[in-house]
Amino acid sequence: MAKVTVDGIEVEVPNGVSVLQACEAAGKEIPRFCYHERLSVAGNCRMCLVEVEKAPKPIASCAYPVADGMKVFTDSPMVRNGRRGVMEFLLINHPLDCPICDQGGECDLQDQAMAYGLDHSRYKEEKRAVKDKYLGPLVKPIMTRCIQCTRCVRFATEVAGVPELGATNRGENMEITTYVEKALTTELSGNLIDICPVGALTSRPYAFVSRPWELRKTDSIDVVDAVGTNIRIDARAGEVLRMLPRTNDDVNEEWMADRGRFSFDGLKRRRLDRPWLRKDGRLQPVSWGEAFAAVAARMKGVPGERIGAVAGPLADAEAIVALRDLMGALGSRNLECRTDGAAIDASRRDFYTFNTGIAGIEEADALLIIGSNPRTEAPVLNARIRKRVVAGHFPIGLVGPRGLDLTYGHDWLGEGGITLRSLAEGNHRFNEVLRAAKKPMLILGRGALARADGQAVLAAAWKIAAENNMLQADWHGFNLLHLFGGEVAALDLGFTGGSAEGLDVLWLLGAEPKRIPDGAFVIYQGHHGEAAAGRADVILPGAAYTEKDATWVNTEGRVQRGRLAVYPPGEAREDWKILRAVSELLGKRLPYDDLDAVRARLAEVNPVFAGAGFAPHGCADVAGPAGDPAAVADAPFVPALANYWQADVISRASPTMAECAKVYGAPAARLAAE
Amino acid sequence: MSVPATPEGFEQPESFAFDADSQAAIETIVKRYPPGKQASAVIPLLYVVQRQMKRQTGSAWVPNKGMDAVAERLGMPPIRVYEVATFYFMFNMKPIGKFHLQVCGTTPCWLRGSDDVTRACKDAGHVPGFGQTSADGLFTMTEVECLGGCVNAPILQVDDDYYEDMDYESTVKLIEALKRGERPAPGSVIGRQASAPVGGPLALTDVPGE
């Protein structure tokens with residue numbers, strides 16, 4: 001520990017931290033452009049100058065290590081003068097086009113120019129202009145505004161793992177570019193917009209849309225992948241205009257995946273915004289009353305065992321528990337949430353969650369990936385794996401498609417069942433690596449379970465975990481990686497079991513089952529309709545994740561709450577309220593009238609809903625899920641998401657995602673092209 | 001106004017592969033660096049590309065595919081090679097003339113008459129200006145920073161060769177010779193030995209006892 005005095009405040013900080021960090025520990029804010037906590041130190045903007053006693057010149061605090069007894073001054077005349085000089089130089093080539101810049105109002109340069117900028121420019125010569133680059137359909141570069149902090153270059157290289165950005169030429173001609181015209185091949189490109197301290201990299205879909213002070217900000221959770229990224233929804237006049245990540249070191253740090261960030265324009269398109277009823281073979285718009293009456297009339301007298309319910313991948317816990325209770329009241333046990341056919345064993349929670357935890361990846365020292373491509377299935381989680389890889393000594397084995405670009409190197413072990421069986425028997429060369437590790441972990445892709453021998457795959461994966469030191473009293477290395485935000489909640493609420501055959505009435509909560517029994521009366525409740533809605537007899541318009549106060553469980557089993565940012569469009573309503581209303585007409589009134597009561601019911605069904613969050617845990621019981629590990633078929637594992645950009649109903653309705661799909665193509669096609 | 005990061009207005013070759021000469025050179029160069037530090041060889045390898053282009057096309061420049069080949073050979077991302085190649089003005093990012101006239105314009109050369117050398121290049125080589133190529137495709141003239149030969153200023157570097165102690169007449173003569181396909185011996189054009197004083201030794205001329 002080193003004792004440092006910052007402006008007379010004494011703080012004790014670990015040896016080796018920078019002066020800037022010591023100043024922050026003392027509560028002093030240091031202006032900066034190039035420095036970013038999660039990136040390497042570049043030290044090229046010079047904005048963080050401070051004065052250190054006995055040092056002849058101001059020093060760049062971000063790149064200067066502390067020493068014991070150091071006396072730092074952050075607001076002396078030398079510091080202020082130095083920063084003013086730096087600001088003047090930064091503004092020499094900056095266009096000062098704030099009135100037409102999308103960063104205006106949330107721009108670091110603008111803010112700091114208020115503190116250190118001159119009221120006029122002494123620079124009378126011509127400013128430079130830089131040709132704009134093309135970085136893909138999501139990031140809009142206006143490179144004349146660039147102050148060359150190189151945060152984007154470091155982000156792309158270090159975090160995203162796609163070293164495609166660089167600084168070419170030099171001096172006045174230096175430019176940030178990909179050099180050869182191409183879209184950045186990363187699922188994390190939206191973060192470039194966040195880390196750019198000026199308006200050089202802005203959001204293309206959000207261009208010229210609004211000013212930050214016009215937006216109403218709502219904290220919520222991203223559900224289009226299973227990471228449970230903490231987000232902020234910015235809305236104006238009942239319309240979601242953009243989404244930004246919130247910092248949560250346990251989940252997403254401060255990153256967000258592109259599909260989560262940009263697919264929300266799908267929420268304004270192809271919406272189910274009023275009830276529909278099939279009359280004379282055609283779906284026709286009706287009132288809520290008429291739709292409810294039709295449902296009640298049809299369901300009257302149908303025995304419970306001939307009624308079934310399916311929950312989709314984006315359903316919230318409140319809706320699921322309401323549907324579960326309604327089915328229970330009607331005497332039905334035919335519940336299903338695994339529409340992809342994944343053979344998930346819901347009998348124990350650690351059979352279907354990411355037990356290590358996302359932050360836990362950083363503690364692991366060996367990783368086996370089975371039938372998953374974390375880069376597309378959970379880009380933010382993949383960034384965490386990459387972070388661990390960069391830290392060093394992290395062997396990774398992959399059972400899955402050959403030549404997958406995960407943004408980090410890995411050892412390709414094999415394509416499918418043969419390799420998995422060998423690993424389960426313990427005679428594969430990678431078993432040695434796992435056995436030598438202290439905290440090994442494995443990631444099992446949900447896609448690997450969605451095949452005929454899924455149960456055997458699950459059992460084999462568990463056997464590998466159990467026999468390779470992954471299940472310890474204080475370490476749980478078995479992880480199932482889900483794909484969407486509503487999947488774990490349904491499993492937590494026991495939305496499984498029963499039969500899908502011989503059903504007269506089928507209630508679909510945003511679900512697209514593989515097969516719908518002929519002649520069944522189908523009620524589709526959701527916000528976007530695809531094939532299943534087209535088949536439905538009644539459509540009840542529900543709310544999307546931005547439009548309701550809802551509980552979500554991410555792949556770790558972390559319970560998080562999203563908040564209503566905008567109201568559902570048209571006549572759409574929050575899903576649990578729809579179910580509550582139907583229950584009354586069916587004469588099986590659900591015993592909750594407000595959100596608190598529903599949440600109390602959630603906690604009653606499964607105590608995990610009582611508290612929010614996730615607790616790291618070990619494995620108390622190494623007994624595995626049912627299934628015969630030796631029965632794994634030879635077939636190769638295929639990635640669960642054929643098309644990252646259009647993997648869910650919302651993104652399939654989104655023009656931005658359609659553009660991305662066009663530019664980037666399916667990952668498989670891209671791989672072949674490279 | 002700045003130059004665009006990616007030069008335009010000419011065609012990039014569709015492919016680039018190291019020929020046998022280059023392969024041999026690369027072998028020796030890469031061996032100089034310890035294992036795992038092969039990326040250090042990026043600058044010498046870019047020279048290899050530039051020389052190969054000179055051999056093959058008569059114009060010493062580095063095409064994009066050439067940089068990609070270097071990146072692949074050294075196992076580094078292509079953008080890292082682009083960064084290096086565009087940083088150093090010794091690498092030509094677009095095709096140049098058969099002879100590269102590099103006039104040093106830094107202070108000592110300028111004081112000793114580099115402006116005359118520039119004028120001579122324009123007159124004799126018919127080059128319109130810095131960074132441009134003559135209509136016959138023979139000469140490209142560039143202004144370069146200090147070439148480190150200040151004692152023999154002004155310097156005109158033609159491709160890899162230094163011609164020293166230049167003035168208007170000697171520059172014209174040199175260019176005419178190049179046009180004829182001759183290659184005058186590099187070094188001082190006024191005949192002094194290396195950087196020795198002009199007109200013979202001035203100090204230690206009276207060694208006692210001789």
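Values in this document were obtained by computation on a predicted structure and should not be read as measured data.
With a 6.0 Å radius and a threshold of 12 heavy atoms from other residues, nucleotides or ligands, B/Arg112 has its CZ atom at or below the threshold. The environment of B/Lys179 atom NZ is dense: over 12 non-hydrogen atoms of other residues, nucleotides or ligands sit within 6.0 angstrom. The number of heavy-atom neighbours closer than 6.0 Å to CD of B/Glu182, taken from other residues, nucleotides and ligands shown, is above 12. Counting non-hydrogen atoms of other residues, nucleotides and ligands closer than 6.0 Å to NZ of B/Lys54 gives a total above 12. Taking a 6.0 Å sphere around OH of B/Tyr88, one finds it holds 12 or fewer heavy atoms contributed by other residues, nucleotides or ligands. The 12-atom threshold is exceeded at CH2 of A/Trp412, counting heavy atoms of other residues, nucleotides or ligands nearer than 6.0 Å.
For A/Thr157, the part lying near chain B is the side chain, with the backbone staying farther off; criterion is any non-hydrogen pair under 4.5 Å. Proximity to chain B (any heavy atom under 4.5 Å) is restricted, for A/Val153, to the side chain, taken from C-beta onward. At a 4.5 Å heavy-atom cutoff, the contact between B/Met67 and chain A is made by side-chain atoms alone.
Closest of all the heavy-atom pairs between B/Ile79 and A/Leu165 is CG1-C, 3.5 Å. Smallest separation of non-hydrogen atoms from A/Tyr179 and B/Met93: OH-CE, 3.5 Å. Closest of all the heavy-atom pairs between A/Arg170 and B/Phe87 is NE-O, 2.9 Å.
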Pair A/Thr177-B/Tyr82, side-chain contact (heavy atoms from CB on, under 4.5 Å): steps then yes or no:
CA-CA 10 Å; A/Thr177 170; B/Tyr82 307 154; over 6 Å; no
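The CE atom of A/Met174 sits 8.0 Å away from the CD atom of B/Glu83 when rounded to the nearest 0.5 Å.
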